Amino acid sequence: MTKKYKGINTICTHVGELKDEQFKGAVSPLYMSTSYAFEDVEVKRYPRYFNTPNQVALAQKMAALEHGEAALIFGSGMAAISTAMMAFLHNGDHVVLQNTLYGGTSNLVVEEFEKFGIEYSFTEDYSPASFEKEIKDNTKVIYIETPSNPLLTITDVKAISKIAKKHGLLSMIDNTFASPVNQNPIDLGIDIVIHSATKYMGGHSDILAGTVISSEEYIDKVFQLAKNFGGSLSDYTVWLLERSLKTMGIRVKAQNENAQELAEFLDKNEDVARVYYPGLKSHPDHEVAAGQMKGFGGMLSFELKEGLDADLFQKKLKLIKSSMSLAGVESTILSPSKTSHGLLSPEEREKQGIRDGLLRFSVGIEEKEDLIEDIQQAIKAIKA
Ligand SMILES: *Cc1c(COP(=O)(O)O)cnc(C)c1O
């Protein structure tokens with residue numbers, strides 16, 4: 001890793017910048033070449049080998065952000081997740097997975113693992129005991145995601161790391177919802193950290209990317225598979241992602257602050273039945289969150305009181321957009337039962353606690369007064 005800086009914003013702005021030796025420009029030059037002369041370097045540079053100048057520089061920033069030794073940048077969060085998992089799971093191995101995973105990750109496991117002879121178990125809930133219960137003789141990996149989507153449950157990361165170490169297993173986390181600004185799982189004992197960089201890292205809803213961060217040894221293992229799977233990110237998007245990361249610290253801190261205010265506002269609102277936000281003292285995992293997170297994040301969910309139409313409410317919002325995905329600078333809202341969790345059976349949704357009227361809110365960086373006003377006018381409109 002390059003030089004250690006104290007603050008996240010310094011890492012965001014400066015680690016992994018390429019110097020423009022030729023013209024002394026302020027930003028990293030972009031090297032789009034897919035072909036490099038052999039005499040240039042002993043390693044053959046090629047974008048699918050994850051070793052172009054821009055890829056290598058951005059990987060240094062990723063490693064620094066998550067306090068790891070090394071990183072790889074992928075073409076999507078799913079490319080990062082699938083490659084990381086498949087690098088450590090072979091025919092006959094078993095993996096223990098948290099029950100509430102990102103939909104794409106569950107699909108990967110349920111739709112693909114059987115054909116590779118990989119066994120899997122989903123936990124009953126997110127308590128450490130429910131993970132330990134699923135461990136078998138052939139278990140190799142424990143995979144978690146916290147805060148979870150859409151109910152923002154908090155898995156105790158240190159407890160999971162401990163269980164993994166006790167049983168000689170590799171621990172992996174999807175750290176997308178927290179972002180490296182709010183949670184650094186390697187410091188909590190996790191082996192491999194994965195992000196969909198499409199979310200807070202990109203932050204502007206215009207980049208699809210992913211990253212895996214770990215030790216040199218584990219990243220080399222992931223690389224051996226990654227170069228064969230071919231999921232690297234184009235240098236142009238690598239360059240854009242570097243630019244986005246410069247403001248990640250200030251963006252996410254603004255989103256934390258807005259989400260906390262909005263959660264408190266919604267919690268006090270008589271037309272709101274429930275609010276799910278780890279920053280609320282009433283959240284069942286608030287203490288665990290406070291112990292492992294530096295901020296509680298920009299994601300929250302809530303339910304309107306019975307009789308108030310959540311679909312109509314979404315339609316009446318003017319500033320807050322009803323849309324897929326999350327973590328952009330703009331606030332967005334969606335109904336999990338109709339979108340991200342629409343493919344689950346009603347019984348499975350019920351079991352996971354995802355009610356039909358639940359709304360998942362990705363809080364942006366707008367002025368909180370404007371967001372509150374938008375919610376107030378939408379509630380008024382549906383009650384009229
Ligand atoms: C979006 C997302 C992913 C998948 O990332 P893509 O960049 O869409 O492939 C994985 N995990 C979480 C938590 C996500 O939100």
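What you see is a predicted model, and the numbers here were worked out from it, not measured in a lab. Just the heavy atoms: all of them, side chains too, but no hydrogens, waters or symmetry mates, feed the values below. In each ligand, atom 1 is the first atom listed, and ligand 1 is the first ligand listed.
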Lys/Arg-Asp/Glu bridge criterion (N-O < 4.0 Å) met for [X], [Y]:
| X | Y | result |
| --- | --- | --- |
| Asp311 | Lys338 | yes |
| Glu132 | Lys166 | yes |
| Lys61 | Glu17 | no |

- Do Ser244 side-chain atoms and Gly202 backbone N/O form a donor-acceptor pair below 3.5 Å? yes
- Can you check whether Lys227's main-chain N or O pairs, donor with acceptor, with Arg48's side chain at less than 3.5 Å?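 At least one qualifying donor-acceptor pair exists.
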- Item | Contact (N/O only, under 3.5 Å) between Leu326 and ligand 1 |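 No, no N or O pair falls under 3.5 Å.
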Specify the protein heavy atom at minimum distance from [atom]: its residue, its atom name, and the distance to 0.1 Å.
| atom | answer |
| --- | --- |
| atom 3 (C) of ligand 1 | Tyr102 CE2, 3.3 Å |
| atom 9 (O) of ligand 1 | Met78 N, 2.8 Å |
| atom 7 (O) of ligand 1 | Thr198 OG1, 2.6 Å |
| atom 2 (C) of ligand 1 | Lys199 NZ, 2.5 Å |
| atom 5 (O) of ligand 1 | Ser196 OG, 2.9 Å |
| atom 11 (N) of ligand 1 | Asp174 OD2, 2.6 Å |
| atom 6 (P) of ligand 1 | Gly77 N, 3.4 Å |

- Judged by modelled atom types alone, do Gln98 and Thr123 share a side-chain donor-acceptor pair under 3.5 Å? no
Answer yes if the ring centres of [X] and [Y] are under 6.0 angstrom apart, and no otherwise.
| X | Y | result |
| --- | --- | --- |
| His283 | Phe296 | no |
| Tyr218 | Phe88 | yes |
| Tyr46 | Tyr49 | yes |

Would [X] count as a contact residue for ligand 1, given that I'm defining contact as a non-hydrogen atom of the residue lying under 4.0 Å from a ligand atom?
| X | result |
| --- | --- |
| Ala80 | no |
| Ile81 | yes |
| Leu208 | yes |

- Task: Specify side chain, backbone, both or neither for Asn149, according to which of its non-hydrogen atoms lie closer than 4.0 Å to ligand 1.
- Result: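 Looking at Asn149 and ligand 1, no heavy atom falls under 4.0 Å.
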- With backbone taken as N, CA, C and O and side chain as the heavy atoms from C-beta onward, which portion of Ala197 lies under 4.0 Å from ligand 1: side chain, backbone, both, or neither? neither
- Where ligand 1 meets Ser76 - atom numbers and elements under 4.0 angstrom, heavy-atom basis: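 Selected atoms, number and element: 7 (O), 9 (O).
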- Ligand-residue contact atoms, ligand 1 with Ala209, heavy atoms, under 4.0 Å: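 Within the 4.0 Å cut-off of Ala209, ligand 1 contributes 7 (O).
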- Task: Please examine the side chains of Gln352 and His341, heavy atoms only from C-beta on, and report whether any two atoms are closer than 4.5 Å.
- Result: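 Yes, close enough: below the 4.5 Å cut-off.
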